[in-house]
Colleague: 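Take a look at this one; I'll ask things after.
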Amino acid sequence: KKEDMSSLAKKVRGTFILAKDHVIEQTKRNRFQMIWEDYFKDIDVILMPTCITPAFKHDHRKFKDRALFINGQKREYWDLIIWAGIAITCHLPVTNMPIGFSKLGLPIGMQIMGPYLEDYTTIEFAHLLSRKIGGYKKPPLTYKKNKI
């Protein structure tokens, strides 16, 4: 149904896109790529969250039936990829790295996004930052009750 604006419904509609609509969407992607290209003339990398929430207990139900509760609000599982979508849309390289733990002891990650085809830039930045913050730290085997 066109009025269903859930993430799943939008994804399903996207699998049946017409060729002319694909060209329109590709043109939009190209515009975004040009904007990022211009932005990265002055900036080496952008730091942003990997995910909208720290790690959480895995939900084994069908993907369409899964939901997250963040700060008491129900969120669709598809919302997990919001931050990754920025790089995916424009084919920009991203290196993910752990940066610490939440108050509950759950791992928190950060993604380092760089200019098109400059994978080495994001990898090298992650390497340098890892040395600065003390490298990888193994998460605890147990954690406090996850109330997310």
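Since this is a predicted model, take the numbers as computed values, not measurements.
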Colleague: Starting from the C-alpha separation in whole Å, work towards a yes-or-no answer on side chain to side chain contact (heavy atoms under 4.5 Å, CB included) for Ile112 and Val94.
Modeller: CA-CA 5 Å; Ile112 304 155; Val94 170; 5.9 Å; no

Colleague: Suppose we screen for ring-ring contact (aromatic ring centres under 6.0 Å, His included). Which residues come up paired with Trp83, at least two apart in sequence or across chains?
Modeller: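 Trp83 satisfies ring-ring contact (aromatic ring centres under 6.0 Å, His included) with no other residue.
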
Colleague: Quick one: do Ile108 and Phe101 end up in the same hydrophobic cluster if we chain Ile, Leu, Val, Met, Phe, Trp and Tyr together by side-chain heavy atoms under 4.5 Å apart?
Modeller: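 No; tracing contacts between hydrophobic side chains, which count when under 4.5 Å, never links both residues.
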
Colleague: If you look at every heavy atom in Pro93 and Leu117, which pair is closest and at what distance?
Modeller: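 Heavy atoms of Pro93 and Leu117 come nearest at CD-N, 4.1 Å.
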
Colleague: Please, which pairs that meet salt bridge (charged side-chain N to carboxylate O under 4.0 Å, His left out) have at least one residue in residues 18-28, sequence neighbours excluded?
Modeller: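 Salt bridge (charged side-chain N to carboxylate O under 4.0 Å, His left out) check on residues 18-28 returns Glu25-Lys28.
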
Colleague: Report yes if the side chains of Thr50 and Met97 come closer than 4.5 Å at any heavy-atom pair, otherwise no.
Modeller: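 No, side chains not in contact.
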
Colleague: Under 3.5 Å, side-chain donor or acceptor atoms of residues 119-127 against the rest of the protein: list the pairs with distances, not counting sequence neighbours.
Modeller:
| unit_1 | atom_1 | unit_2 | atom_2 | d |
| --- | --- | --- | --- | --- |
| Tyr120 | OH | Glu124 | OE1 | 3.4 |
| Thr121 | OG1 | Glu118 | OE1 | 3.0 |
| Thr122 | OG1 | Thr95 | OG1 | 2.7 |
| Thr122 | OG1 | Asp119 | O | 2.9 |

Colleague: Using a cut-off of 6.0 Å, state whether more than 12 heavy atoms not belonging to Gln73 lie near its atom CD.
Modeller: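 Counting neighbours around CD of Gln73, 12 or fewer heavy atoms of other residues, nucleotides or ligands fall under 6.0 Å, so no.
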
Colleague: Distance check, rounded to the nearest 0.5 Å: Cys51 atom SG versus Ile70 atom CD1?
Modeller: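 One gets 7.5 Å once the value is rounded to the nearest 0.5 Å.
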
Colleague: For residues 32-45, pull every pair meeting salt bridge (charged side-chain N to carboxylate O under 4.0 Å, His left out), keeping only residues two or more places apart or in separate chains.
Modeller: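 Output for this query lists Asp38-Lys41.
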
Colleague: Identify the heavy atoms of Thr89 and Arg29 that sit nearest to each other, and give their distance.
Modeller: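 Nearest heavy atoms, Thr89 then Arg29: O-NH1, 2.7 Å.
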
Colleague: For Pro49, is there any backbone N or O sitting under 3.5 Å from a side-chain donor or acceptor partner on Gln111?
Modeller: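 Such a contact is found between Gln111 side chain and Pro49 backbone.
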
Colleague: With the 4.5 Å side-chain cut-off for hydrophobic clustering, are Tyr39 and Leu47 part of the same group?
Modeller: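 Unlinked, Tyr39 and Leu47 end up in two clusters.
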
Colleague: Report the residues that fulfil ring-ring contact (aromatic ring centres under 6.0 Å, His included) with Phe32, sequence neighbours left out, ordered by chain and then residue number.
Modeller: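 Result, ring-ring contact (aromatic ring centres under 6.0 Å, His included) vs Phe32: none returned.
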
Colleague: List for me each residue that meets side chain to side chain donor-acceptor pair (under 3.5 Å) alongside Arg66, sequence neighbours excluded, and say none if there are none.
Modeller: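 Arg66: no side chain to side chain donor-acceptor pair (under 3.5 Å) contacts found.
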
Colleague: Check step by step if side chain to side chain contact (heavy atoms under 4.5 Å, CB included) holds for Arg75 and Ile82.
Modeller: CA-CA 12 Å; Arg75 302 284 298 264; Ile82 287 172; 3.8 Å; yes

Colleague: Decide whether Ile52 and Ile46 are clustered together by the hydrophobic rule: side chain heavy atoms of Ile, Leu, Val, Met, Phe, Trp, Tyr closer than 4.5 Å, transitively.
Modeller: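 Shared cluster, yes.
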
Colleague: For His91, look at atom NE2 and say whether over 12 heavy atoms of other residues, nucleotides or ligands are found less than 6.0 Å away.
Modeller: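 Counting neighbours around NE2 of His91, more than 12 heavy atoms of other residues, nucleotides or ligands fall under 6.0 Å, so yes.
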
Colleague: Going only through I, L, V, M, F, W and Y residues with side-chain contacts under 4.5 Å, is there a path from Met48 to Ile43?
Modeller: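 Linked within one cluster.
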
Colleague: Check Phe69 against Lys74 and note the closest heavy-atom contact, atom names and distance.
Modeller: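 Minimum heavy-atom separation between Phe69 and Lys74: CE2-CB, 3.6 Å.
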
Colleague: Looking at Trp36 and Leu92, what are the two nearest heavy atoms and their distance?
Modeller: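 Shortest heavy-atom contact: CG-CD1, 3.8 Å.
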
Colleague: In Å, rounded to the nearest 0.5 Å, how long is the span from SG of Cys90 to CG of Asn30?
Modeller: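 So the gap between those two atoms works out to 9.0 Å.
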
Colleague: If hydrophobic clusters are built by linking Ile, Leu, Val, Met, Phe, Trp and Tyr wherever their side-chain heavy atoms come under 4.5 Å apart, do Met34 and Tyr116 end up in the same one?
Modeller: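 Per the 4.5 Å side-chain linkage, Met34 and Tyr116 are not co-clustered.
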
